[in-house]
Amino acid sequence: MFTFVNRCAYTVWPGVLSNAGTARLGTTGFELPPGASRAVPAPSAWSGRLWARTGCAQDGASGRLVCATGDCGSGTAECAGAGAAPPATLAEFTLDGTGGLDFYDVSLVDGYNLPVLVEPSSGERPGGASSAGSCASAGCAADLNAMCPAELRSGGGAACRSACDAFGRPEYCCSGMYANPGTCRPTSYSQVFKMACPRSYSYAFDDPTSTFTCAGGPDYTVTFCPGATPSQKSTTVPAATTTPTQTSPLPTTVPRTETPTTTVPGTDTPAMMPGMTFTDANQGSMPMPMGGEVGTGGGGGIQGQGVILGGASSDAWLANMATGDVTGAAAAPRAAASAARLVAAPLALLALHLLR
């Protein structure tokens with residue numbers, strides 16, 4: 001049983017997409033007002049993804065339902081086999097998969113539109129044996145819209161795109177020569193996501209511990225906006241004067257000042273291949289990428305950003321400090337200190353003369 005709970009201060013429209021070859025749920029989408037909940041039975045061995053659409057309204061001319069984020073394009077509350085348009089926070093499931101375990105996670109690979117938390121009931125094997133899976137909560141309770149880098153903001157701050165969706169470059173999409181965990185590494189953008197939401201997938205080859213398992217066929221509660229109500233509009237941060245100095249853009253907004261510690265995936269192949277939809281873990285065919293299809297839109301030429309420091313020679317030591325040149329940074333302060341002593345000496349003699 002899936003129980004959808006809306007703790008947002010606004011109405012959401014949950015969407016449901018079943019994987020190919022599995023039975024559909026009784027609904028593919030519906031309206032869920034603030035504070036409301038709805039239980040939806042799930043068939044055995046079901047696999048697919050769940051998400052929430054926001055800002056939905058009927059178009060005055062066509063009468064179709066159009067949503068600001070997560071729109072499935074069906075024009076109605078029911079998505080009828082269509083998936084979410086990025087950016088959207090996705091909850092993904094495979095029930096009764098490999099080894100009889102349920103596999104589930106919350107993915108930010110397709111971006112983020114609102115906080116989502118997945119909570120299983122306590123799993124238990126038949127006969128009372130303890131669960132072999134972790135049966136832990138998964139998800140992202142943080143308001144990523146408030147800390148989204150300016151270049152990833154979507155819908156006026158109503159959602160945050162993934163770097164793959166925004167730039168379409170192979171190193172962000174884990175495609176081409178980057179289509180393996182050895183070459184597709186965490187980026188400054190995925191680290192923003194991972195630092196804020198460590199129990200979610202931040203990019204295709206993220207730490208495989210971001211996928212959770214549970215035995216015994218528990219029920220699941222999917223909560224939108226758990227905890228505090230998220231902001232629909234993020235705070236605009238003025239952009240600094242920049243020059244393209246790197247091949248990988250740096251995010252303009254970082255949620256914390258400390259250096260993020262992100263687990264870099266190794267090259268050993270886990271039981272479930274990271275970056276692939278665990279919803280296909282019990283399939284015999286090749287697994288599908290966790291994210292949506294990679295776009296080929298513009299932005300491939302986006303260059304990195306670097307801060308322009310003052311060019312005056314008196315400020316050179318500041319530039320050296322900022323760029324990591326400790327030798328150069330230390331030399332100028334020592335010279336400045338020597339000059340200060342030369343000026344201070346005669347001033348001290350003058351003060352003594354006046355006292356006499």
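Just so it is clear, the structure is predicted and the values come from calculations on it, not from any experiment.
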Side chains of Thr22 and Asn19, donor plus acceptor under 3.5 Å: no
Nearest non-hydrogen partners of Pro41 and Leu25, listed with the distance: O-CD2, 3.7 Å
Leu114 reachable from Phe2 in the ILVMFWY side-chain graph, under 4.5 Å edges: yes
Nearest-0.5 Å distance that lies between atom OG in Ser44 and atom CG in Asp96: 7.0 Å
Nearest-0.5 Å distance that lies between atom CZ in Phe93 and atom OH in Tyr104: 8.5 Å
Side chain to side chain contact (heavy atoms under 4.5 Å, CB included) evaluation trace for Val116 with Trp51: CA-CA 8 Å; Val116 175; Trp51 72 97; over 6 Å; no
Polar side-chain atom of Asp71 near backbone of Gly75 as donor-acceptor pair, under 3.5 Å: no
Under 3.5 Å: donor-acceptor pair, side chain of Arg161, backbone of Pro86: no
OG on Ser37 to CG on Leu32, rounded to 0.5 Å: 7.5 Å
Step-by-step side chain to side chain contact (heavy atoms under 4.5 Å, CB included) determination, Phe224 to Leu50: CA-CA 11 Å; Phe224 304 113; Leu50 316 171; 5.8 Å; no
Qualifying residue, where the test is side-chain contact (heavy atoms from CB on, under 4.5 Å) with Tyr112 and the options are Asp143, Val106, Leu152: Asp143
Partner residues of Tyr220 under the side-chain hydrogen bond (donor to acceptor under 3.5 Å, both in side chains) criterion, sequence neighbours left out: Asp102
Any donor-acceptor N/O pair, Glu92 side chain to Asp105 backbone, under 3.5 Å: no
Pairing residues for Thr11 by the side chain to side chain contact (heavy atoms under 4.5 Å, CB included) criterion, not counting sequence neighbours: Trp13, Glu31, Pro33, Pro34
Under 2.5 Å between SG of Cys79 and Cys72: yes
Atom pair CE (Met177) and SG (Cys184), whose distance is rounded to the nearest 0.5 Å: 11.0 Å
Under 3.5 Å: donor-acceptor pair, side chain of Arg53, backbone of Pro14: yes
Flag, side chain of Thr89 to backbone of Asn113, donor-acceptor distance under 3.5 Å: yes
Backbone N/O of Gly73 and side chain of Arg64: donor-acceptor pair under 3.5 Å: yes
Test: Cys214-Cys135 SG spacing under 2.5 Å: yes
Shortest non-hydrogen contact from Thr69 toward Ala158: CG2-O, 3.9 Å
pair Pro87-Cys160: side-chain heavy atoms closer than 4.5 Å: no
Verdict with supporting geometry, Tyr203 and Ser162, side chain to side chain donor-acceptor pair (under 3.5 Å): CA-CA 8 Å; Tyr203 78 108; Ser162 68; over 6 Å; no
Cluster check Val40, Val118: I/L/V/M/F/W/Y, side chain < 4.5 angstrom: yes
Minimum heavy-atom distance between Phe205 and Pro181, given as atom pair plus value: CE2-CD, 3.6 Å
Asp206 side chain to Ser202 backbone, donor-acceptor under 3.5 Å: yes
Check: Trp46 side chain, Arg24 main-chain N or O, donor-acceptor pair, under 3.5 Å: no
Residue pair Leu108, Leu144: steps toward the side chain to side chain contact (heavy atoms under 4.5 Å, CB included) verdict: CA-CA 10 Å; Leu108 307 177; Leu144 286 181; 3.8 Å; yes
Heavy-atom closest pair, residues Asp110 and Arg49: OD2-NH1, 3.8 Å
Side chain to side chain contact (heavy atoms under 4.5 Å, CB included) evaluation trace for Cys140 with Phe193: CA-CA 9 Å; Cys140 178; Phe193 284 11; over 6 Å; no
Interatomic distance, Leu101 atom CG to Leu95 atom CG [nearest 0.5 angstrom]: 11.5 Å
From CA spacing to verdict: disulfide (SG to SG under 2.5 Å), Cys225, Cys8: CA-CA 5 Å; Cys225 304; Cys8 303; 1.9 Å; yes
Non-hydrogen atoms of Asp219 and Met1 that approach each other most closely: OD1-N, 3.1 Å
Non-hydrogen side-chain atoms of Thr187 and Arg169 separated by less than 4.5 Å: no
Distance-only donor-acceptor check, side chains Thr221 and Glu119, under 3.5 Å: no
Contact summary for Ala88 and Ala84, nearest pair of heavy atoms: CB-CB, 4.0 Å
Residue list, ring pair (Phe, Tyr, Trp, His ring centres under 6.0 Å) with Phe4, at least two apart or on another chain: Phe30
Any donor-acceptor N/O pair, Ser18 side chain to Gly48 backbone, under 3.5 Å: no
Lys194 side chain vs Ser200 backbone, donor-acceptor pair below 3.5 Å: yes
Interatomic spacing from CG in Leu117 to CZ in Arg199 - rounded to 0.5 Å: 9.0 Å
